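First comes the structure, then the notes that go with it.
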There are 2 protein chains.
Amino acid sequence: MASYRDKKVITIGIVHELTGLSERRIRYYEERGLIFPERTTRGTRKYSFSDIELLIKIANKREEGVQTNEIKKDMQNERKKKNMHDGIIQGQLNAHFKTNSRPNIK
Amino acid sequence: MASYRDKKVITIGIVHELTGLSERRIRYYEERGLIFPERTTRGTRKYSFSDIELLIKIANKREEGVQTNEIKKDMQNERKKKNMHDGIIQGQLNAHFKTNSRPNIK
DNA sequence: CGTGTAAGGAATTCTGACACG
DNA sequence: CGTGTAAGGAATTCTGACACG
């Protein structure tokens with residue numbers, strides 16, 4: 001995991017080129033907690049391809065009139081749903097192997 | 001193909017961060033025809049992840065004392081070998097299906 | 001609330017050149 | 001030949017703020 005898709009290496013200018021979103025909007029969505037670029041040593045933002053895909057989804061929601069607040073909640077719910085699903089899988093695995101998740105790991 | 005690995009979206013500063021190579025060297029390898037970044041509308045270079053991997057290979061060769069000239073020839077030979085191999089495969093496919101590569105495509 | 005814009009400073013990138021070896 | 005460096009200009013990015021609605 002954490003392949004090319006998730007490596008944060010793209011500057012905001014290129015993100016703008018790729019998405020058509022203004023730099024203002026891109027920064028604003030970060031301010032609202034929808035997206036989390038990393039920073040270079042000297043402070044310029046770095047985005048990943050998956051950030052770019054997320055930005056496009058966000059922009060589409062905004063076009064439908066959804067507020068950033070709502071978008072954020074939706075994203076958190078997706079997260080929760082995914083984690084629940086993973087929990088179920090893990091539960092099934094545990095039951096199958098009749099063992100704890102991390103036995104005897106100090 | 002032409003997935004994330006091959007999209008040219010990384011500025012030279014980030015390439016430097018990722019490879020440790022000086023910007024001077026990165027530009028020089030372009031000058032010698034070893035690497036081919038694209039440009040933004042206003043002229044700044046953009047590299048792909050595969051460019052970065054290639055740069056690392058080039059740097060390793062250079063450490064062994066191989067000249068850029070040699071490295072370039074080696075790269076061209078790899079290309080040729082690969083194309084020959086593809087040709088063989090294609091020939092086998094053609095023989096197998098007793099057909100031309102692109103029949104009746106206008 | 002979401003986005004545009006003007007503002008000023010700091011950091012980035014570019015090219016062509018000189019240096020050394 | 002391969003790489004460093006200083007030079008000057010142009011473009012980028014950053015933050016905080018005002019505007020409108």
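Chain naming here is simple, since letters A, B, ... match the order of the sequence lines and numbering starts at 1 in each. Only a predicted model underlies this, so the values are computations on that prediction, with no experimental measurement involved. No hydrogens, no waters, no symmetry mates; every other heavy atom, side chains included, goes into these values.
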Atom [atom1] of [X] to atom [atom2] of [N]: distance rounded to whole Å?
X: A:Ile26; N: C:dT3; atom1: CD1; atom2: P; value: 11 Å
X: A:Lys61; N: C:dG2; atom1: NZ; atom2: C1'; value: 18 Å
X: B:Glu63; N: D:dG2; atom1: CD; atom2: P; value: 15 Å
X: A:Lys72; N: C:dG2; atom1: NZ; atom2: P; value: 12 Å

**Message:** With heavy-atom distances below 4.5 Å as the criterion, would you say the side chains of B:Lys72 and B:Thr68 are in contact?
**Reply:**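 Heavy-atom side-chain distance check fails, nothing below 4.5 Å.
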**Asked** Taking side chain as C-beta onward, heavy atoms only, is B:Ile71 less than 4.5 Å from B:Gln67?
**Response** no
**Base-paired stems in DNA chain C, each at least three Watson-Crick or G-U pairs under 3.5 Å** = C:2-5 with D:17-20, C:17-20 with D:2-5
Does [X] make a side-chain N or O approach to OP1 or OP2 of [N] shorter than 4.0 Å?
X: B:Arg32; N: D:dG2; value: yes
X: A:Tyr28; N: C:dG2; value: yes
X: B:Tyr29; N: D:dG2; value: no

Donor-acceptor contacts, no H, no angles, side chain residues 52-63 of chain B, under 3.5 Å, sequence neighbours left out:
{"unit_1": "B:Glu53", "atom_1": "OE1", "unit_2": "B:Arg5", "atom_2": "NH1", "d": "2.2"}
{"unit_1": "B:Glu53", "atom_1": "OE2", "unit_2": "A:Tyr4", "atom_2": "OH", "d": "2.3"}
{"unit_1": "B:Glu53", "atom_1": "OE2", "unit_2": "B:Arg5", "atom_2": "NH1", "d": "3.4"}
{"unit_1": "B:Asn60", "atom_1": "ND2", "unit_2": "B:Ile56", "atom_2": "O", "d": "3.4"}
{"unit_1": "B:Arg62", "atom_1": "NH1", "unit_2": "B:Val66", "atom_2": "O", "d": "2.8"}

Identify each donor-acceptor pair in which a side-chain atom of residues 23-31 of chain B lies under 3.5 Å from a protein atom, sequence neighbours left out, and give them as a table.
{"unit_1": "B:Glu23", "atom_1": "OE1", "unit_2": "B:Arg27", "atom_2": "NH2", "d": "3.3"}
{"unit_1": "B:Arg25", "atom_1": "NE", "unit_2": "B:Tyr29", "atom_2": "OH", "d": "3.2"}
{"unit_1": "B:Arg25", "atom_1": "NH2", "unit_2": "B:Tyr29", "atom_2": "OH", "d": "3.1"}
{"unit_1": "B:Tyr28", "atom_1": "OH", "unit_2": "B:Arg32", "atom_2": "NH1", "d": "3.4"}
{"unit_1": "B:Glu30", "atom_1": "OE1", "unit_2": "B:Arg45", "atom_2": "NH1", "d": "2.8"}

**Request:** Determine, for nucleotides 9-16 of chain C in 5'-to-3' order, which nucleotides have protein heavy atoms under 4.0 Å from the base (write B), from only the sugar-phosphate (write S), or from neither (write -).
**Result:** --SSSSB-
**By side chain to side chain donor-acceptor pair (under 3.5 Å) - contacts of A:Thr40 (at least two apart)** = A:Thr44
**Prompt:** Are side-chain N/O atoms of A:Asp6 and A:Ser48 paired as donor and acceptor at under 3.5 Å?
**Reply:** no
**Item:** Residue from A:Arg39, A:Lys46, A:Arg42 passing salt bridge (Lys or Arg N to Asp or Glu O under 4.0 Å) with B:Glu17
**Value:**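 That would be A:Lys46.
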Mind listing the side-chain donor-acceptor pairs of residues 7-14 of chain B below 3.5 Å, one per line with the distance, residues two or more places apart or on another chain?
{"unit_1": "B:Lys8", "atom_1": "NZ", "unit_2": "B:Phe36", "atom_2": "O", "d": "2.7"}
{"unit_1": "B:Lys8", "atom_1": "NZ", "unit_2": "B:Asp51", "atom_2": "OD1", "d": "3.3"}
{"unit_1": "B:Lys8", "atom_1": "NZ", "unit_2": "B:Asp51", "atom_2": "OD2", "d": "3.0"}

